[in-house]
Asker: 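Next up is a structure, given as structure tokens.
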Amino acid sequence: MPPPALLKKHRVAIGVAATVNIGSILFGFDTGIAGGVVALGSFKEEFNLTASATEYANASSNVVALLNAGAFFGALIPPLIVKFVGRKSLLAVASFLFLLGGILQVAASGPTLGMIYAGRVIAGLGVGLISNVAPVFVAECSPKELRGVNMALFEMFLVSGGMLAYWTTYGCSLHLPATSTQWRIPLSLQIILAAMVLVSSFFLPESPRWLARQARFDEAAKNLSYLRSAAVDSAEITEEMAEIRAQIHEELTIAKGRTIREVFERRNFIRILWSLAIGICAMWCGHNSILYYAPTVWYIGYTGQNSGLMASGIFSCIKFISTIIFITSGVYLFRRKTLLIGGGFFMGVFLFALGAVLATHPPTVPGNEAGSPSAQGMMALIYLFVVAYSVSWGPLQWIYIGEIFPLRIRDYGMAIGAANIWLWNFVVSKITPIALLDIGWKTWMIFAICNIAGALLVCFLPETKDLTLEQMDVLFGVIDEESHRHHIEANMREEKILSPTTSAVA
């Protein structure tokens, strides 16, 4: 747990991080709501999905996968417009897309799923925007000591959104008659959440690093002093602004006016490859297959619509508690690599065990039904799996991708990293229901192998804990430590003599 004095000093930065990450509640809600709503009998009746298991599997995979398809394109939007509108404005755009997507989904009626599909794609654009902007926004506003903690709030709020989705759907299934109201009410909550995000975005300070990148150094220093609860002319703010200026100067010197092409420079391309690798491993770990299709997966240990939804709610609560543990201790005490290696190993072990028990004790065989020792064991393995995920790959995939890129190409790098996550999310979400139907227990064996492979790969991952964002260039070999320190000292001297207004950075 970070020291209370540190939390008190940086209470503004923590508050900003929490406010920015309200958007991830919508992210979590939208990704979690589909599996539960589509599993409702009232939804199946409304849209004629009761004819065959294959028809239902295809429709449910479309509802989930289209959100991910929209998110893929949404994640690519920020680099195109962030220079002109800033990060806080992108949060407002994302919330508007959520609002529009939610209205379309709630207004849909059978027998066709057209409006549901359209609403999912539009909401997906908002999800993609949030997944790109929120981690970067928080990283740029946070002190290095609390960057991991503040960025982990993204995962905690995301999990909270999923938990809200599951329990709302369960409550509506339990207490409301099987009419369209039963599935419309859960979907309508995203409209309320979107309005909250839209309003809160207007009260946030702009990222000081984004302002500095636009050569608005006086505003950057003012916002940084607000975030650090320190005077503009204090040594703390002077040094951090000098480090920001130094990185901009280093990037301009190295890049000589280039932008997009810089992404493919050797040292930057290594960062791209690591962001792609982290995203692929996280998407093929098996978590999202459980998350999106939980009511279907729970046939292992539960029978009936309400029991499956309750199991989903328990799953989300375990995730939430585990994420709290990660925020309060894990991310502050342990290296990124340690958590990723340990999490990947245990996730692989638990899924290997799940696949083995499922192969030897299929729930369709008498004696292995819900409540049997084998069924209870498999449920325990799933719950242990989600604990391992929630203290490692779950939050760290966003933290690592959001912190490794230099300021000049951060938007491009984050866009590529986030789009990669949503691309593989789309693939996994599309094939999961079909795989569970066709190859059953072997699905979990595939995910287990991916987890072990990910744990081995991360052994070579550059460690970023306790480094400032500007020190990432040193870590990845773009500039040596001595030259970096020299640039900082030079810019600290300039901070004392330069006027706050300078010419625009090319």
Side-chain angles (χ1 to χ4, degrees), residues 32 35-41 44 49-50 52-54 56-57 60-61 162-163 165-167 169-175 178 285-322 343 345-391 428 431-452:
V37 166
V38 174
L40 291 173
K44 294 178 184 177
L49 301 179
T50 57
S52 70
T54 302
Y56 170 70
S60 62
S61 69
M163 186 165 60
Y166 284 127
W167 285 111
T169 307
Y170 174 67
C172 290
S173 173
L174 194 64
H175 298 293
C285 74
H287 167 266
N288 286 359
S289 295
I290 300 173
L291 175 70
Y292 292 148
Y293 302 105
T296 302
V297 171
W298 300 131
Y299 81 95
I300 290 171
Y302 294 89
T303 57
Q305 173 180 294
N306 290 341
S307 296
L309 290 170
M310 183 182 71
S312 301
I314 295 171
F315 176 84
S316 65
C317 288
I318 293 173
K319 277 188 68 178
F320 181 78
I321 294 170
S322 301
F345 173 78
F346 283 108
M347 287 155 61
V349 169
F350 294 142
L351 289 189
F352 269 128
L354 174 64
V357 176
L358 193 56
T360 56
H361 297 77
T364 53
V365 174
N368 297 333
E369 62 276 351
S372 66
S374 60
Q376 292 177 356
M378 287 187 283
M379 293 305 303
L381 288 168
I382 291 176
Y383 289 144
L384 288 171
F385 165 84
V386 78
V387 171
Y389 173 85
S390 299
V391 298
V428 172
I431 68 174
T432 291
I434 308 301
L436 291 174
L437 200 61
D438 292 343
I439 62 175
W441 61 271
K442 296 176 185 176
T443 306
W444 307 113
M445 293 299 192
I446 294 171
F447 289 138
I449 292 171
C450 292
N451 281 310
I452 299 300

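Note: hydrogens, waters and symmetry copies are ignored here, and every other heavy atom, side chains too, is used. A quick note: this is a predicted structure, and the numbers were derived from the prediction, not measured.
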Asker: Nearest 0.5 angstrom please: L381 CG to L358 CG, how far?
Answerer: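 If I round to the nearest 0.5 Å, the distance is 10.5 Å.
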
Asker: Looking only at non-hydrogen atoms, find the nearest pair between C285 and M347 and report the distance.
Answerer: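 The answer is CB-CE, 3.4 Å.
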
Asker: Please check this pair: side chain of S390 against backbone of V387, looking for a donor-acceptor N/O pair closer than 3.5 Å.
Answerer: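 Here the side-chain-to-backbone pair does not exist.
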
Asker: Mind checking the CG-CE spacing from L354 to M379? Nearest 0.5 Å is all I need.
Answerer: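 Taking CG in L354 and CE in M379, the distance rounds to 9.5 Å.
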
Asker: What distance do I452 atom CD1 and L351 atom CG have between them, rounded to the nearest 0.5 Å?
Answerer: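 Reported value, rounded in 0.5 Å steps: 9.5 Å.
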
Asker: Considering only heavy atoms from C-beta outward, does the side chain of L436 approach that of W444 to under 4.5 Å?
Answerer: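 Yes; the side chains approach each other to less than 4.5 Å.
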
Asker: Looking at every non-hydrogen atom in both residues, tell me the closest pair between K44 and A39 and how far apart they are.
Answerer: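 Shortest heavy-atom contact: CE-O, 3.6 Å.
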
Asker: Under 4.5 Å between any side-chain heavy atoms of C317 and Y166, yes or no?
Answerer: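 Answer no - side chains too far apart.
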
Asker: Looking only at heavy atoms, what is the nearest atom pair of S289 and T432, with distance?
Answerer: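 Scanning both residues completely, I find the closest heavy atoms to be OG-OG1, 2.7 Å.
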
Asker: Show the nearest heavy-atom pair for residues F385 and G286, with the distance to one decimal.
Answerer: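 Scanning both residues, the minimum pair turns out to be CZ-C, 4.0 Å.
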
Asker: Tell me the closest heavy-atom pair linking S374 and V357, and the distance in Å.
Answerer: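 Closest approach of S374 to V357, heavy atoms only: O-CG1, 4.0 Å.
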
Asker: Using the ring-ring contact (aromatic ring centres under 6.0 Å, His included) criterion, which residues pair with Y389? Sequence neighbours excluded.
Answerer: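 Only H287 meet the ring-ring contact (aromatic ring centres under 6.0 Å, His included) criterion with Y389.
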
Asker: Report yes if some heavy atom in the side chain of F350 is under 4.5 Å from a heavy atom in the side chain of N451; otherwise report no.
Answerer: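 Not touching, per the 4.5 Å side-chain cut-off.
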
Asker: A side-chain contact here means heavy atoms from C-beta on lying under 4.5 Å apart; do V428 and F447 qualify?
Answerer: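 With C-beta onward as the side chain, the pair touches.
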
Asker: Between the side chain of T169 and the main-chain N/O of A165, is any donor-acceptor distance below 3.5 Å?
Answerer: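 Side chain of T169 to backbone of A165, a donor-acceptor pair under 3.5 Å: yes, one is there.
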
